[in-house]
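Quick caveat, the model's predicted, so the values are computed rather than measured. Proteins get letters first, then strands, A, B, ... in listed order; numbering begins at 1 in each.
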Amino acid sequence: MFNTLSVLIKLDLQATRRWFEKEAIWKFLIALAFLSVMIGVGLLIYYFSLFYFKYLSEFEVYGDLTIGYVLRATILIIAWIGILSSFIGTLTFLLSPNKVTDNLVTLPIDPLNIISWQIVKTFVLNLSLFLITIFPLALSYFSGRNISLADSIFRSVSVLLILSLLVESLGSAFAYIIANSIKKKEGPLYLFGAALVFLLGTILVYFIIFPGRLDILSEIEIENFAGVFNNLPLMRSCFIANSLTGILENGFGTHYLSIASVTSLLLIMSILIQRMLFITSWQQVRLDLNLPKLKIIPTKVLTLNLIKKDILSILRSPKELGYGIFLFLMLIIFLSLFARGIEVNRIPTRFTSSAVVFSWFWLIFYSGTYIIRLVFPLMAREGRTRWWLFSLPIKTARLVESKTLAGLLISLPLLLVGFIEWSLSPIGTPNLYLLASGSLVIIWLALSLTLIGMINPDYTLGDDPEKVSTGFAGLTALGIVVLAGTALSYLINLSAKGDISLSDSLGMLFIAGLATLAPLLLVALRSTEKHTVEV
Amino acid sequence: MNQLAILHVENVSKSFGKLHALRSVSFDVRPKEIYALIGPNGSGKTTLINNIVGLLKPDNGEITIAGIDINQKPITAKALLGYVPDNPANYPFLTGMEFLYLTARLKHLSQAEIDKEVGRLKDIFPIEDVLNTPMAGYSRGSLQKTAFLASLLGDPKLLVIDEPVVGLDPLSIKIFGEKLQQFSKSGGSVFLSTHTLTFAHKYADRVGIIHEGKLIHEVGDPKKVDLEKMYEKEVHTAYV
């Protein structure tokens with residue numbers, strides 16, 4: 001079994017190596033930039049939590065308990081996001097036929113190999129997510145405590161590994177059960193059922209972390225504090241987040257062995273379920289899924305028809321829709337919990353501008369990721385259908401116009417996230433200003449990234465938009481998002497501190513947006529004109 | 001230039017780096033004519049077609065459709081065209097019927113015209129049930145038929161078809177050929193490339209042989225000659 005698995009893993013490594021062969025220096029630089037972004041995010045979390053934990057440790061009993069609570073809450077949130085990520089990753093894999101897996105299925109190999117191959121890939125992805133979120137948080141927790149560096153790393157890595165395996169086991173098994181249950185007629189029911197489970201789960205996570213009792217904690221006597229605190233839902237020992245925090249707090253012990261045993265058991269059960277259901281799930285892909293159909297309503301407006309086509313290309317593709325829902329939910333979960341966290345902890349004034357900038361940057365970063373994944377490849381996705389699109393009697397300007405507007409429409413749900421974020425957030429700076437600035441930047445990102453995606457689209461990757469987003473052009477676009485996000489966060493920081501007026505700040509955003517969009521539009525028009533005749 | 005020509009190709013050359021894909025190719029396709037281009041793999045058939053439909057721009061030469069230069073006035077020229085590529089990959093998330101409606105809309109047809117045309121076209125091949133399913137599950141033949149139906153929308157004056165019968169069953173090939181003949185009788189012209197000599201022999205009014213980017217021979221009435229022998233002879237001579 002391990003021979004086949006190692007061949008499959010080598011296949012992925014080979015593909016990565018091949019990717020670096022062309023334009024190696026640029027790709028290396030982009031990969032380096034991407035790595036720097038990840039390290040930057042990790043450092044941001046590290047320093048933010050370090051300052052916050054130091055501030056909390058000024059209050060003896062209350063401070064330590066609150067730090068423990070923050071750790072548990074973060075692990076629970078990240079675990080929930082991880083389960084969601086594994087579920088959607090596996091479900092989209094099962095619902096989107098691909099030739100590589102087709103070929104593997106026809107070969108005389110145990111499905112266990114294919115499953116393990118997928119598990120390894122999702123495990124690595126989850127691990128990298130946890131490495132930039134939980135790892136810096138854990139390190140900032142250990143800072144100033146009497147724990148050796150080796151022990152700190154051992155405890156943190158243990159938590160990362162257990163958590164990665166745990167979320168992978170739960171998310172993937174659930175995805176297999178759903179994919180296998182999708183039958184022609186009941187298909188939408190199962191999908192909506194799964195979405196409902198995750199929505200209810202998210203609400204449950206919210207109330208576990210922020211129960212009503214949390215608000216009265218500041219009003220009760222200090223001697224009763226620990227008693228009430230330890231009875232909060234998140235502190236109950238049955239929660240895995242509690243056991244994992246136990247590893248961080250106490251290191252190796254019985255709780256370590258018990259959570260490791262539970263994880264191993266869940267992993268074995270998950271693999272057995274996946275092995276049992278893999279072939280039938282894969283065969284299921286070939287059936288015509290009775291997913292909700294959205295009719296193209298014929299309209300006289302040419303552009304509107306092209307926009308509808310592009311929107312349908314997302315709504316009717318399980319993979320694209322899955323990614324969209326995942327990123328959207330992740331953004332909502334993260335920002336709403338963060339905003340509520342600030343409110344519950346009654347963040348001190350000196351942290352207000354940092355909290356504003358932190359949540360503002362995350363909103364832009366996640367929005368950028370969503371747009372790069374779904375909107376940026378809109379032109380490249382025409383790869384195999386250029387023959388049709390470019391042989392139609394339509395002006396190039398129409399094509400550019402339709403793609404840009406489609407990109408904007410697909411990005412509109414992000415404005416809703418901004419609205420939720422700033423409505424819930426109790427932080428000092430006027431929320432209306434944050435809503436306006438956030439919306440302006442999201443609209444700018446949607447328009448500019450759609451246009452950048454049209455400048456030099458890689459049509460050869462049209463069948464796999466994920467590769468367009470993670471390819472050379474996609475990573476360059478991500479670099480632009482990070483640069484723009486950093487520069488704009490600085491501007492927001494100045495506004496939050498009152499160094500520049502809010503109207504001036506909005507004016508600057510507006511003018512900078514227009515000044516960058518105009519040349520991008522011209523270049524995209526020229527480039528598309530060139531592509532329509534130089535295929 | 002032949003004023004009567006629907007498709008006029010004059011001294012068209014196209015190179016990709018050091019590869020000369022087309023070398024001064026000239027020919028006309030007249031009204032009501034089916035012109036078949038035959039030639040070995042890599043001889044330049046698809047490159048020529050891509051130049052004709054505006055997907056490539058020739059390095060030299062001129063291509064006009066009903067007197068309109070495809071590179072000077074692409075929108076007007078493309079409105080006169082119907083095109084079916086060699087491998088008509090399509091939007092997997094749309095049904096065939098949705099694709100036909102979308103194409104008709106983008107060819108500026110009114111709602112009444114769309115209903116009438118789609119209603120007429122969907123009966124050409126017995127694939128109405130298939131047309132109502134997403135194209136993700138289509139066989140190559142079904143994709144080919146759907147693309148062919150789409151090319152007929154909007155009353156084109158010229159059909160340009162790359163390898164029309166690859167992937168089609170014998171009955172569909174017959175329907176396809178007859179439909180092309182019917183189209184040409186009603187005033188349209190067809191320019192197609194094919195490897196299937198029997199198809200060219202049976203349905204084409206004229207045949208051109210292309211080899212290494214050059215049009216080496218034209219046959220006035222392929223029904224009167226042994227096309228297979230002539231093809232072998234011409235290509236062999238060109239090789240030598």
Problem set entry | Any B:Lys78 side-chain heavy atom under 4.5 Å of A:Leu392 side chain | no
For this session: Please look at B:Pro92 and chain A and tell me whether the side chain, the backbone, both or neither of the residue comes under 4.5 angstrom of a heavy atom of that chain.
Result: neither
Exercise. For B:Asp162 and A:Trp387, what are the C-alpha separation, side-chain angles and deciding distance, and is it a side chain to side chain contact (heavy atoms under 4.5 Å, CB included)?
Worked result: CA-CA 11 Å; B:Asp162 198 355; A:Trp387 67 267; over 6 Å; no
Seminar exercise, completed: Output for pair (A:Ser391 OG, B:Ile70 CD1), nearest 0.5 Å, gives 9.0 Å
Problem set entry | Interatomic spacing from CZ in B:Phe93 to CD1 in A:Ile311 - rounded to 0.5 Å | 11.0 Å
For this session: With a 4.5 angstrom heavy-atom cut-off, could you sort out which part of B:Thr103 is near chain A: side chain, backbone, both or neither?
Result: both
For this session: Heavy atoms only: give me the nearest A:Pro393-B:Ala79 pair and the separation to one decimal.
Result: CB-N, 3.6 Å
Exercise. Considering residues, nucleotides and ligands other than B:Lys214, do more than 12 of their heavy atoms fall under 6.0 Å from its NZ?
Worked result: no
Problem set entry | salt_bridge(A:Lys308, B:Glu98) N-O dist < 4.0 Å | no
Problem set entry | Gap between atom NZ of A:Lys309 and atom CG of B:Leu94 - 0.5 Å precision | 7.5 Å
Exercise. A:Trp388 versus B:Asn90: any side-chain heavy-atom pair under 4.5 Å?
Worked result: no
Problem set entry | Residue that, paired with B:Tyr91, satisfies side-chain hydrogen bond (donor to acceptor under 3.5 Å, both in side chains) out of A:Arg381, A:Arg384, A:Glu382 | A:Glu382
For this session: With a 4.5 angstrom heavy-atom cut-off, could you sort out which part of B:Leu106 is near chain A: side chain, backbone, both or neither?
Result: both
